[in-house]
Amino acid sequence: MLKRILTALVLTASCALASAVSAQEPVKVGMVLEMSGPFADIGRQILDGARAYMKANGDMVAGRKIELIVKDTTGAAPDVAKRQAQQLIANDKVDFLAGFGLTPNALAAAPLATEGKTPMVVMNAATSIITTKSPYIARVSFTLPQITAPIAGWAIRNGVKEVYTLVSDYGPGIDAETTFKKTFEAAGGKIVGDVRVPLRNPDFSPFLQRIKDARPEAVFIFLPAGEQPVAFMKGFNERGLDKAGIRLIATGDVTEDGMIEAMGDTPLGVVTSHHYSVAHDSVQNKAFLKAFAALDNTHRPNFMAVGGWDGMAAIYEVVRRLNGKIDGDKAMEVLKGLKLDSPRGPVTIDADTRDAIQTIYIRRVQKVNGKLYNIEFEQVPNFKDPGK
């Protein structure tokens with residue numbers, strides 16, 4: 001009898017010890033990001049946004065420490081992203097996949113999220129179909145159709161009838177082109193020409209000359225945020241498209257806050273539609289900017305940093321509601337319909353599509369105190385991807 005009691009006590013103590021050890025294990029978040037190469041600014045912004053959230057809110061949730069494990073895809077490299085996602089799930093035993101600045105990388109990881117029943121929080125990649133590729137994906141950022149339709153409507157309302165389109169030749173660019181054409185033509189506008197430029201190292205010179213020769217009232221463009229919009233703006237100015245009376249309208253990627261000052265005064269007056277501007281006036285945005293600055297950053301945050309911030313807010317809420325016991329299916333149930341008090345404004349993750357419902361802003365580039373900002377002057381509240 002005494003032996004049985006002692007055995008039971010040992011088993012109870014062992015279980016308690018195992019439980020305590022489990023409670024102390026970190027919640028691992030595998031960040032698949034573009035940290036080097038031509039799209040390195042994307043990864044840097046997302047990661048800094050995530051770290052800023054953790055600095056502002058602490059790294060303990062429901063008794064568990066939050067740990068980021070960062071992998072560098074080196075750019076748009078789906079094979080690399082797939083391998084890294086597999087390693088994070090199989091070797092590192094991550095509780096979440098997150099990050100994903102570019103669509104090809106997100107699409108490559110999607111089947112692995114399904115196979116591993118691992119919640120995957122997309123913090124930027126914006127091709128519409130991404131969330132359809134796995135029931136374990138939730139996106140806190142935006143889709144290209146969602147931010148493109150409002151600028152097409154604005155153009156029509158403001159007397160623009162003929163537009164030439166230029167987009168980057170991959171998923172988001174094709175989404176932007178398709179949505180702009182559909183919305184613009186349905187309202188009576190005319191597309192007088194279109195071109196898709198290579199994703200890697202495009203030379204804009206011949207395309208800009210073609211646009212100038214076509215003499216449209218405006219050119220609509222989508223390019224991935226970073227170095228390419230800077231090069232485009234330089235060429236737009238040097239080839240005199242602005243002097244030829246051709247207006248420039250775009251999605252907000254083109255005048256994103258982190259790179260806009262590298263463009264000189266060329267973007268002044270450019271009108272874009274997007275879901276975030278560093279100039280957005282709210283208590284939540286002020287808190288975000290303060291936390292971002294506390295990382296000793298010398299660069300401005302942009303919409304990708306907000307994606308990192310909001311992605312971590314979503315992950316923290318999942319951990320909190322599940323009391324630290326992470327289960328893929330239960331995590332997805334928390335994410336569906338989740339409301340975030342974001343620096344950009346209120347955001348809801350649509351329970352059906354797992355995409356963000358949010359306000360889209362029409363902005364104009366203006367100089368404030370000697371610096372360029374995207375100043376919001378119109379908004380479309382509670383807007384979702386028009387194709388969903």
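Keep in mind that the numbers below use all heavy atoms, side chains included, and drop hydrogens, waters and symmetry copies.
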For the pair Arg157 and Glu378, find out whether any cationic side-chain nitrogen is under 4.0 Å from an anionic carboxylate oxygen.
yes
Begin from the C-alpha positions of Asp310 and Ser342 and carry the test side-chain hydrogen bond (donor to acceptor under 3.5 Å, both in side chains) through to its verdict.
CA-CA 6 Å; Asp310 286 338; Ser342 168; 2.6 Å; yes
Pairwise distance CD(Gln146) to OG1(Thr251) - rounded to 0.5 angstrom
12.5 Å
Quick check against the 3.5 Å criterion: does Lys117 have a side-chain atom that pairs as donor or acceptor with the backbone of Thr114?
no
Counting only N and O atoms by type, is there a donor-acceptor contact under 3.5 Å from the side chain of Gln228 to the main-chain atoms of Leu199?
yes
Candidate pair Lys286 and Asp281, rule salt bridge (Lys or Arg N to Asp or Glu O under 4.0 Å), full reasoning
CA-CA 8 Å; Lys286 289 183 174 81; Asp281 185 16; 2.8 Å; yes
Quick one about Lys388 and Thr131 (side-chain donor to acceptor, distance below 3.5 Å, no hydrogens or angles considered), yes or no?
yes
Cation over ring, Arg300 on Tyr373, under 6.0 Å and within 45°?
yes
Side-chain heavy atoms of Arg44 within contact of Met304, under 4.5 Å:
no
Okay, side chain of Asp92, backbone of Val29: is any donor-acceptor separation there less than 3.5 Å?
no
Option passing side-chain hydrogen bond (donor to acceptor under 3.5 Å, both in side chains) with Asp59 (candidates Arg51, Arg64, Lys65):
Lys65
Look at the aromatic rings of Phe180 and Phe220 and report parallel, tilted or perpendicular, splitting at 30° and 60°.
parallel
In one Ile/Leu/Val/Met/Phe/Trp/Tyr side-chain cluster, 4.5 Å: Val94, Val319
no
Determine, step by step, whether Phe142 and Ile360 satisfy the side-chain contact (heavy atoms from CB on, under 4.5 Å) criterion, reporting the C-alpha distance in whole Å, the side-chain angles of both residues, the deciding distance to 0.1 Å, and the verdict.
CA-CA 10 Å; Phe142 64 105; Ile360 304 301; 5.8 Å; no
Between Ser277 (side chain) and Asn374 (backbone), is there a donor-acceptor pair under 3.5 Å?
yes
Nearest 0.5 angstrom please: Asp95 CG to Lys28 NZ, how far?
8.0 Å
Non-hydrogen atoms of Pro26 and Glu67 that approach each other most closely:
CG-OE1, 3.2 Å
When you check the side-chain N and O atoms of Asn285 and Tyr276, is any donor under 3.5 Å from an acceptor?
yes
Please determine if Arg344 forms a cation-pi arrangement with Phe303, meaning its NZ or CZ atom is less than 6.0 Å from the six-membered ring centre and no more than 45° off the ring axis.
no
Quick check: is Met54 connected to Val140 through a chain of hydrophobic side chains (ILVMFWY, heavy atoms under 4.5 Å apart)?
yes
Is there a path of hydrophobic side-chain contacts, each under 4.5 Å between heavy atoms of I/L/V/M/F/W/Y residues, joining Met233 to Val195?
yes
Output, in order, the C-alpha distance, side-chain angles, deciding distance and verdict of side-chain contact (heavy atoms from CB on, under 4.5 Å) for Ile315 and Val121.
CA-CA 8 Å; Ile315 288 169; Val121 179; 4.0 Å; yes
side-chain contact (heavy atoms from CB on, under 4.5 Å) between Thr148 and Thr183, worked out:
CA-CA 9 Å; Thr148 300; Thr183 308; over 6 Å; no
With a 4.5 Å limit on heavy-atom distance, are the side chains of Phe377 and Trp154 in contact?
yes
Is the shortest side-chain heavy-atom distance between Lys367 and Leu372 below 4.5 Å?
yes
Hey, are the side chains of Val254 and Phe232 touching, using non-hydrogen atoms and a 4.5 Å cut-off?
no
May I ask you to test the Ile69-Leu88 pair for a side-chain heavy-atom distance under 4.5 Å?
yes
Side-chain contact test, heavy atoms from C-beta onward, threshold under 4.5 Å: evaluate it for Gln379 versus Pro150 and give yes or no.
no
Side chains of Asp175 and Phe222: closer than 4.5 Å at any heavy-atom pair?
no
Count the heavy atoms of every other residue, nucleotide or ligand shown that sit under 6.0 Å from CD of Gln284, and state whether that count exceeds 12.
yes
Is the backbone of Gly258 close enough, under 3.5 Å, to the side chain of Glu256 for a donor and an acceptor to pair up by distance?
yes
Are the ring centres of Phe383 and His275 closer than 6.0 Å?
no
Less than 4.5 Å apart, any side-chain heavy atom of Tyr136 and any of Asp329?
yes
Heavy atoms of other groups near Lys182 NZ, more than 12 under 6.0 Å:
no
Quick check against the 3.5 Å criterion: does Arg139 have a side-chain atom that pairs as donor or acceptor with the backbone of Thr353?
no
Is it the case that atom CZ in Arg239 sees more than 12 heavy atoms from other parts of the structure closer than 6.0 Å?
yes
Do any N or O atoms from the side chain of Asp257 and from the backbone of Val278 form a donor-acceptor pair under 3.5 angstrom?
yes
Is it true that Asp41 and His299 share a donor-acceptor pair across their side chains at a distance under 3.5 Å?
no
So, applying ring-ring contact (aromatic ring centres under 6.0 Å, His included) with Tyr53, which one of Trp309, Phe288, Phe292 is it?
Trp309
Does a salt bridge link Asp350 with Lys384, judged by any charged N lying under 4.0 Å from a carboxylate O?
yes
NZ (Lys161) with more than 12 external heavy atoms under 6.0 Å:
yes
Ser141 side chain to Asn124 backbone, donor-acceptor under 3.5 Å
yes
Look only at the side chain of Arg354 and the backbone of Ser134, and say whether a donor-acceptor pair between them is shorter than 3.5 Å.
yes
Point-to-point distance, once rounded to the nearest 0.5 Å, from CD1 of Ile211 to CG of Asp194:
10.0 Å
Donor-acceptor pair, side chain of Asn323 and main chain of Ala62, under 3.5 angstrom
no
Return yes when atom CZ of Arg320 has more than 12 non-hydrogen atoms of other residues, nucleotides or ligands closer than 6.0 Å, and no otherwise.
yes
Using 0.5 Å steps for rounding, measure from the NE2 atom of His274 to the CD atom of Glu376.
12.0 Å
Enter the distance from Leu223:CG to Asp253:CG here, rounded to the nearest 0.5 Å.
8.5 Å
Check ion pair Glu333-Lys330 (N to O, under 4.0 angstrom):
no
Considering residues, nucleotides and ligands other than Lys181, do more than 12 of their heavy atoms fall under 6.0 Å from its NZ?
yes
As an exercise, state the distance from CD1 of Ile89 to OG1 of Thr118, rounded to the nearest 0.5 Å.
4.0 Å
For Met123 and Ala98, work out which heavy atoms get closest and say how close.
CE-CB, 3.7 Å
Check the pair Arg196, Thr165 against side-chain contact (heavy atoms from CB on, under 4.5 Å), reporting the backbone distance first and the verdict last.
CA-CA 8 Å; Arg196 296 177 182 176; Thr165 67; over 6 Å; no
Pair Thr127, Thr103 - check side-chain hydrogen bond (donor to acceptor under 3.5 Å, both in side chains), show working.
CA-CA 6 Å; Thr127 300; Thr103 287; 2.7 Å; yes
Is Val32 linked to Leu68 within one hydrophobic cluster, defined over Ile, Leu, Val, Met, Phe, Trp and Tyr using a side-chain heavy-atom separation of less than 4.5 Å?
no
Determine, using the 4.5 Å side-chain heavy-atom cutoff (strictly less than), whether Tyr316 and Leu322 are members of one ILVMFWY cluster.
yes
